[in-house]
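Before any comments, here is the structure.
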Number of protein chains: 2
Amino acid sequence: MIDTNPTALRDTLREAGLRPTKQRLALARLLLGGGHRHVTADDLLAEARAQGVSVAQTTVYNVLHQFHRAGLLKEVLVESGRTWYDTKTGSHMHLYDEETGAVSDLDQDPRALQILDKLELPDDVDVMSVDVVVRVRAKKNQI
Amino acid sequence: MIDTNPTALRDTLREAGLRPTKQRLALARLLLGGGHRHVTADDLLAEARAQGVSVAQTTVYNVLHQFHRAGLLKEVLVESGRTWYDTKTGSHMHLYDEETGAVSDLDQDPRALQILDKLELPDDVDVMSVDVVVRVRAKKNQI
DNA sequence: GTACGTGCAAACGTTTTGCAGCGGG
DNA sequence: CCCGCTGCAAAACGTTTGCACGTAC
């Protein structure tokens, strides 16, 4: 877990090779300041502006990419057309509700994750990530 | 495996509740007629036209959605912005090359798939699919 | 001072929509 | 004949790009 007081956020950014600008600090606070979160670029932009942070859409996209490259965020691809970002960066699975579009973490028996970390893969490639998405729909209430 | 002679394709479409129109038959032949394939809407449109099939882009999108809904195709979401379709509908994993954008099937120890089929999930939801994508990059040639 | 960051507007590529006309049963 | 299907054009969507201005150090 990342320390989230202002000074620590500054250091986190600097360690990632990113200048601690006003916008990056504000977005870092929103993303990393609370518990684990799943956000889209649009979510983050709206949230930032709702809190009075002055930031452009372009900057939100830039920052999400930079944080992703720096390992501070995980990209979650569950819909074609929108990219989700997850502040929980460790190995885990995702649940995707096809009806509401909601993304959530799936806490799972560690053995399942171990198996996925030990897949037999071609040895001429480096594995960047192993992404698991469980697509679900709410059960119709059938008493 | 689906029988792919013209009459059988007709029946496949009818069983899916879809009229065997000229375009749907042509696209069904391209998709289901050969071995397993991974295509995007654009790929399929280009291929159809290269073979002299008269079909509109809209229709390709319509047909891909209809075939997906009918269980004839699997959707593969590996990039935000483009949807891939896989003619292999059974449970399996995918390999995605982040540099070339290529999608391929990952043949895997059946035990890994069994684990995925037995995940502990909330019991108020129906599982539509469990999708696994392994993101890779070619290793730099380092002798 | 200078390299990096931000923000606007315009462009991008894929997918979706509205609607007139066509064709399978 | 009718309902579903096709095809065109235009719009919509999230995202990316080009470039002038601003700011951290």
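Naming convention: chains lettered A, B, ... in sequence-line order (proteins, then strands); numbering from 1 in each chain.
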(Q) Determine whether B:D43 and B:T40 satisfy the following criterion, side chain to side chain donor-acceptor pair (under 3.5 Å), listing intermediate values before the conclusion. (A) CA-CA 5 Å; B:D43 291 343; B:T40 62; 3.2 Å; yes
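- The CG atom of B:L25 sits 19 Å away from the P atom of D:dG4 (whole-angstrom rounding).
- B:T12 places a side-chain N or O within donor-acceptor distance of the main-chain N or O of B:A8, the cut-off being under 3.5 Å.
- Both B:K22 and B:T40 lie near DNA chain C, and the one whose nearest nucleotide falls closer to the 5' end is B:T40.
- The only option from A:L77, A:V78, A:V39 that meets the side chain to side chain contact (heavy atoms under 4.5 Å, CB included) definition with A:W84 turns out to be A:V78.
- One interatomic measurement links the two molecules: CD of B:Q57 to P of D:dA11, which rounds to 16 Å at whole-angstrom precision.
- Distances from the side chain of B:T58 to the nucleotides D:dG7, D:dT23, D:dC5 place D:dG7 closest.
- Applying the 4.0 Å criterion to OP1 and OP2 of D:dG7, one finds that B:Q23 has a side-chain N or O inside that range.
- Contact of B:T21 with D:dC5 (side chain to base): no donor-acceptor pair of N or O atoms is detected under 3.5 Å.
- No side-chain heavy atom of B:Y85 sits less than 4.5 Å from a side-chain heavy atom of B:R37.
- With axes fitted over five pairs at each extremity, the angle between the ends of the helix from C:dG1-D:dC25 to C:dG25-D:dC1 is 30° (10° resolution).
- Checked against the 6.0 Å centroid threshold, B:H94 and B:H92 count as a close aromatic pair.
- Heavy-atom contacts of chain A under 4.0 Å fall on DNA chain C between two terminal nucleotides, which in 5' to 3' order are C:dA3 to C:dA9.
- Computed from coordinates, the A:R24 CZ to D:dG22 P distance equals 19 Å when rounded to whole Å.
- Each of B:H68, B:H36, B:H38 was checked for a side-chain hydrogen bond (donor to acceptor under 3.5 Å, both in side chains) with B:D86, and the lone residue meeting it is B:H38.
- Computed from coordinates, the A:R82 CZ to D:dT15 P distance equals 8 Å when rounded to whole Å.
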N/O donor-acceptor pairs under 3.5 Å from side chains in residues 116-131 of chain A, not counting sequence neighbours:
from: A:S129; atom 1: OG; to: A:D131; atom 2: OD1; distance (Å): 3.2
from: A:D131; atom 1: OD2; to: B:R135; atom 2: NH1; distance (Å): 2.5

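- Between the side chain of B:R14 and the backbone N or O of B:P20 there is no donor-acceptor pair closer than 3.5 Å.
- Two residues, B:R19 and B:S80, neighbour DNA chain D, and the one matched to the more 5' nucleotide by heavy-atom proximity is B:R19.
- When the nearest nucleotides of DNA chain C are assigned to B:R14 and B:Y61 by heavy-atom distance, the more 5′-ward of the two goes with B:Y61.
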